[in-house]
Participant: 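Submitted below is the structure of interest, expressed as structure tokens.
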Amino acid sequence: MRIILAEKAGFCFGVERAVNAAYEFAEKGEKCKTFGPLIHNADVVRDLEQRGIGVLESADEAKKDETVLIRAHGVSPDIYDKLKSNASGVFDATCPFVKKIHDIVAENSSDDLPVIIAGDPLHPEVEGIMGYCRGPVYVFENADSLEKWLSDNRNLYDNGIIAVSQTTFSENEWKKCKEKIKFYCTNAKIFDTICGATRERQSEAEDLALRCDAMLVIGGRHSSNTAKLYDVCRAHCDTYLVERADELKNIDFSTYASVGVTAGASTPRSIIKEVLLAMSEIIENANNLVEEVPSEAAATEDSFANLLEQSLANMNNNQKVTGVVMGITPTEIQVDIGRKQAGFVPIEEYSADPNANPAEELKVGDTIDLIIMKTNDAEGTMLLSKKRADAQKSWGDIVEAKESGEILEGTVVSVIKGGVLVSSKGSTVFIPASQATERRDEDLESLVKKNVSFRIIDVDPARKRAVGSIRSVLTEKKKAAAEAFWASAEEGKVYTGTVKSLTSFGAFVDIGGVDGMVHISEMSWKRIKHPSEIFEVGQEVEVYIKSLDPENKKISLGYRKDEDNPWSILKKNYPEGSVVEAEIVNITTFGAFARVIPGIDGLIHISQIANRRINKPEEVLTVGEKVTCKITAIDFEKKRVSLSIRALLPEEEYDEGDSADYGDEEEAAEAEAPAEETAQVVEEAAEEAPEAPEAEEAADAAEEAVEETAEEAAEEAAEETAEAAEEAAE
């Protein structure tokens with residue numbers, strides 16, 4: 001008797017991934033439950049329970065101190081949301097092929113566009129798919145039941161219909177169903193959603209059944225995938241279904257010259273091996289030829305045990321391979337590594353950088369270096385990791401960088417206790433908080449997702465851990481930039497800088513590795529109370545060098561521009577004799593001050609307010625009033641402007657001495673001079689203040705003292721001039 005083992009037998013990729021995840025939770029000792037039995041195999045479920053991975057029968061049973069693992073079948077959105085709410089975390093191991101069906105029905109269905117699903121209505125996969133449908137849903141198990149529904153419910157699909165199948169549905173039955181759908185509904189959208197691995201498994205099983213005298217199907221009796229294999233095989237030959245090796249004693253193989261063996265997607269490799277070894281004992285005494293198909297290395301003289309070991313043995317894990325990208329999905333990357341196994345790179349094994357997006361970084365046809373994590377010869381799949389290949393190569397680069405002092409590039413991925421983690425070429429480097437920023441008071445969170453330069457300052461080869469420093473690179477760059485600056489800096493040169501900090505007397509601006517200060521008096525032509533009225537931290541500004549002190553490394557910067565100087569604007573646009581509309585901003589005993597343009601006020605002497613004698617300016621004018629007046633004189637040296645309303649009015653006859661009675665206009669204008677001169681003293685005193693943040697209190701005190709002196713001087717001068725004007729008028 002010959003025994004022929006199907007190549008695609010045992011765990012499919014999706015099931016294996018879910019099982020591996022469960023065992024990883026068990027190894028870590030983390031509290032975890034699976035939502036429903038993880039697979040249709042009692043031995044695996046029982047083993048996981050013994051390791052602490054129990055089973056939840058409903059989402060209400062989930063607890064806040066445990067993680068829930070969603071099996072490959074997937075769940076409906078409402079169950080997913082409830083699990084997420086009740087449990088501490090959810091690990092979604094839904095098969096990518098099942099997720100694809102979820103997306104199809106969610107995107108295409110609607111209230112007036114029903115979905116029909118080929119499959120078992122009580123199967124958890126089908127229940128999950130139904131949850132994503134946005135309109136009416138009907139589940140059918142075969143072509144006959146589908147035809148009856150299509151015939152009886154024509155009014156339900158007048159606008160069309162969406163048709164999908166369970167991933168493990170029979171390929172032959174699905175072909176019949178599609179013919180029925182096309183016959184009854186001309187505008188149906190039919191999606192072929194049977195899993196590719198399932199399709200190949202069923203096709204291979206049917207081929208074996210046609211060649212062999214009998215078929216042995218290994219798998220759980222409640223497994224849909226296993227049941228479909230059994231149905232496919234028994235249509236062509238005697239077929240037996242077993243869950244474990246001890247059931248073979250009830251089967252008589254003596255009448256068969258050849259027996260084909262296949263296994264469902266929920267069947268562990270260990271059980272396949274156990275069953276085949278038990279069969280080998282049955283036939284070993286007969287000295288018959290036992291073979292595995294396909295197996296290029298098989299020789300007729302090999303024992304069954306050797307052939308089996310060859311078939312089930314993993315390729316060397318951690319072996320380096322090169323793969324060609326064949327496809328990219330939201331959950332995995334499919335690659336061709338030049339072997340019979342189909343290669344898969346889970347998204348979580350793509351890169352150590354959580355922000356990496358393979359859909360943007362890769363395209364079909366690209367080659368990538370990979371590490372073999374696990375193989376499944378029975379299923380014909382191979383689990384691969386790009387992240388580990390990157391890390392393996394990167395570690396060597398990091399060790400070399402420590403010796404050479406080379407500067408590396410990376411992305412800050414997270415802030416942890418004591419510092420930040422940087423991802424660089426697949427390796428993770430720890431940067432202590434003291435080495436992460438130029439200044440210790442900077443926020444580490446602002447570094448997350450930023451690209452940084454760093455050097456390695458320590459490595460632990462045994463634990464493959466590295467410590468780096470961003471600060472040393474920043475300090476080095478700043479020093480080099482400062483040297484380059486002082487070598488080329490000159491007064492008047494313009495720079496684009498970034499505001500680093502603000503004080504009461506100015507702003508410090510980084511102009512490329514060095515900081516200069518823009519004094520408050522150089523920010524605006526109008527008087528401001530605080531630099532925050534003009535600047536904000538982080539703002540890009542264009543400044544120019546006013547003065548340099550190379551010996552003390554001090555730089556004074558200017559921000560306000562000459563073309564914005566209100567006196568320049570006045571000189572250009574408002575010559576003597578111009579008629580302007582001005583706003584009254586202040587009234588004194590000897591006249592009124594009116595704003596000609598922002599930054600310049602002119603004096604309308606009391607004698608120039610009206611074409612008649614007035615006793616007080618407020619008899620005619622009020623603050624805020626806009627008046628039309630003539631510029632009669634401009635003294636650019638003393639920065640004074642004389643205005644006249646009277647010059648634009650018709651003259652009336654009155655005594656020649658009337659104008660003299662108002663007092664001298666020049667003397668009245670001089671009343672403002674002490675205030676202007678004192679204001680200049682304020683600016684000069686402020687410029688002498690220390691140009692450093694730590695001297696801020698001293699600068700504030702000095703400025704307040706000067707301001708008080710200025711105010712007292714101005715008030716005293718104004719009072720004296722007013723008294724003189726009154727005496728002259730009397």
Participant: Which heavy atom in Ile609 sits nearest to a heavy atom in Pro617, and how many Å separate them?
Facilitator: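 Shortest heavy-atom separation between Ile609 and Pro617 comes out as CD1-CB, 3.6 Å.
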Participant: Side chains of Val543 and Val494, heavy atoms from C-beta outward: is any pair under 4.5 Å?
Facilitator: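 The answer is no; the side chains never approach within 4.5 Å.
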Participant: Is there a donor-acceptor contact under 3.5 Å from the side chain of Glu576 to the main chain of Ile634?
Facilitator: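 Yes; at least one donor-acceptor contact below 3.5 Å.
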Participant: Work out which heavy atom in Pro531 is nearest to a heavy atom in Phe505; give both atom names and the distance.
Facilitator: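 So the minimum-distance heavy-atom pair works out to CG-C, 4.5 Å.
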Participant: Side-chain contact test, heavy atoms from C-beta onward, threshold under 4.5 Å: evaluate it for Thr67 versus Ser88 and give yes or no.
Facilitator: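 A side-chain contact exists here, since the closest heavy-atom pair is under 4.5 Å.
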Participant: Determine yes or no for a side-chain-to-main-chain donor-acceptor pair under 3.5 angstrom, with Glu360 supplying the side chain and Asn357 the backbone.
Facilitator: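 Side chain of Glu360 to backbone of Asn357: no pair is present.
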Participant: Just so I know, are the side chains of Val509 and Thr498 near enough to count as touching, which here means a heavy-atom distance under 4.5 Å?
Facilitator: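 Not touching, per the 4.5 Å side-chain cut-off.
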Participant: With heavy-atom distances below 4.5 Å as the criterion, would you say the side chains of Val514 and Trp486 are in contact?
Facilitator: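 They are in contact (side-chain heavy atoms under 4.5 Å apart), so the answer is yes.
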Participant: Could you check whether Glu409 and Ser453, counting side-chain N and O atoms only, form a donor-acceptor pair closer than 3.5 Å?
Facilitator: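 A pair is found: one side chain offers a donor N or O, the other an acceptor, under 3.5 Å apart.
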Participant: Could you tell me which non-hydrogen atom of Leu643 sits nearest to which non-hydrogen atom of Cys629, and how far apart they are?
Facilitator: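 What the structure gives for the nearest pair is CD1-SG, 4.0 Å.
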Participant: Where do Gly602 and Val596 come nearest, in terms of heavy atoms and distance?
Facilitator: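 That would be N-CG2, 4.1 Å.
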Participant: Distance under 6.0 Å and angle within 45° of the ring axis: does Lys571 meet both against Phe636?
Facilitator: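 Output yes; distance and angle both within limits.
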Participant: Looking at Lys500, is its backbone amide N or carbonyl O close enough to the side chain of Asp510 to form a donor-acceptor pair, meaning the two atoms are under 3.5 Å apart?
Facilitator: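 No, because the side chain of Asp510 does not come within donor-acceptor range (under 3.5 Å) of the backbone of Lys500.
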Participant: Working to the nearest 0.5 Å, report the span between OG of Ser472 and NZ of Lys477.
Facilitator: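 The NZ atom of Lys477 is 10.5 Å from OG of Ser472, to the nearest 0.5 Å.
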Participant: Ignoring hydrogens and geometry, is there a side-chain-to-backbone donor-acceptor pair from Arg646 to Ser607 under 3.5 Å?
Facilitator: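 Such a contact is found between Arg646 side chain and Ser607 backbone.
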Participant: Any non-hydrogen side-chain atom of Val627 less than 4.5 Å from a side-chain atom of Ile604?
Facilitator: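 With C-beta onward as the side chain, the pair touches.
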Participant: Salt bridge or not between Glu522 and Arg560? Use side-chain N to carboxylate O under 4.0 Å.
Facilitator: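 Result for this pair is yes, salt bridge flagged.
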Participant: Are there over 12 heavy-atom neighbours, none belonging to Glu619, within less than 6.0 Å of that residue's CD?
Facilitator: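 Yes - once you tally the heavy atoms of other residues, nucleotides and ligands closer than 6.0 Å, there are more than 12.
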Participant: Taking Glu533 for the side chain and Lys529 for the main chain, is one N or O donor matched with an acceptor at less than 3.5 Å?
Facilitator: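 The answer is yes, because a donor-acceptor pair under 3.5 Å joins these two groups.
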Participant: Taking Asp111 first and then Arg134, would you say they form a salt bridge - that is, a charged N and a carboxylate O separated by under 4.0 Å?
Facilitator: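 No, Asp111 and Arg134 are not salt-bridged.
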Participant: Let me confirm one number: the OG1-CG distance from Thr437 to Asp443, rounded to the nearest 0.5 Å.
Facilitator: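 So the gap between those two atoms works out to 9.5 Å.
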Participant: Donor-acceptor check, side chain of Ser424 to backbone of Ser427, threshold 3.5 angstrom: yes or no?
Facilitator: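 Answer holds: no.
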Participant: Between the side chains of Glu491 and Lys546, is the shortest nitrogen-to-carboxylate-oxygen separation below 4.0 Å, so that they form an ion pair?
Facilitator: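 So Lys546 does not pair with Glu491 through a salt bridge.
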Participant: For Thr632 and Ser642, indicate whether the former's side chain and the latter's backbone hold a donor-acceptor pair under 3.5 Å.
Facilitator: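 Yes, the answer is positive, given that a donor and an acceptor are paired below the 3.5 Å cut-off.
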Participant: If we ignore hydrogens and angles and just use 3.5 Å, is the side chain of Lys554 paired with the main-chain N or O of Met517 as donor and acceptor?
Facilitator: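 The answer is no, because no donor-acceptor pair under 3.5 Å joins these two groups.
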Participant: To the nearest 0.5 angstrom, please state how far the CD atom of Glu583 sits from the CD1 atom of Ile597.
Facilitator: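 Here the interatomic distance stands at 14.0 Å.
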Participant: Check whether Glu625 reaches the backbone of Thr622 with its side chain - one donor and one acceptor, N or O, closer than 3.5 Å.
Facilitator: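 At least one qualifying donor-acceptor pair exists.
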Participant: Is it the case that the ring center of Tyr559 lies less than 6.0 angstrom away from the ring center of Tyr544?
Facilitator: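 Ring centroids of Tyr544 and Tyr559 are no less than 6.0 Å from each other.
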Participant: For residues Ile347 and Pro330, determine if any side-chain heavy atom of one lies less than 4.5 Å from a side-chain heavy atom of the other.
Facilitator: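 They are not in side-chain contact.
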Participant: As an exercise, state the distance from NZ of Lys639 to CH2 of Trp567, rounded to the nearest 0.5 Å.
Facilitator: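 It comes to 7.0 Å.
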Participant: Out of curiosity, Met523 CE to Ile520 CD1, how far, rounded to the nearest 0.5 Å?
Facilitator: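 Taking CE in Met523 and CD1 in Ile520, the distance rounds to 6.0 Å.
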Participant: I'd like to check Ile614 versus Ile606 (side-chain heavy atoms, cut-off strictly below 4.5 Å). Are they in contact?
Facilitator: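 Counting from C-beta outward, Ile614 and Ile606 do come under 4.5 Å.
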Participant: Would you call Glu476 and Arg455 a salt bridge, taking side-chain N to carboxylate O under 4.0 Å as the test?
Facilitator: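 A salt bridge is present here (some side-chain N lies under 4.0 Å from a carboxylate O).
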Participant: Should the pair Lys99-Asp92 be classified as a salt bridge under the 4.0 Å nitrogen-to-oxygen rule?
Facilitator: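 Yes, this pair counts.
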Participant: With a 3.5 Å distance limit and no angle check, can you tell me whether Ser404 reaches the backbone of Glu400 through a side-chain donor-acceptor pair?
Facilitator: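 Such a contact is found between Ser404 side chain and Glu400 backbone.
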Participant: How many angstroms lie between CD1 in Ile545 and CD1 in Ile511, if you round to the nearest 0.5 Å?
Facilitator: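 Ile545 CD1 to Ile511 CD1: 5.0 Å, rounded to 0.5 Å.
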Participant: For the pair Asp366 and Lys363, find out whether any cationic side-chain nitrogen is under 4.0 Å from an anionic carboxylate oxygen.
Facilitator: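 Judged by the 4.0 Å cut-off on N to carboxylate O distance, Asp366 and Lys363 do form a salt bridge.
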Participant: What I'd like to find out is whether the side chain of Ile416 reaches to under 4.5 Å of the side chain of Phe430, using heavy atoms alone.
Facilitator: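 Result yes, sub-4.5 Å side-chain heavy-atom pair found.
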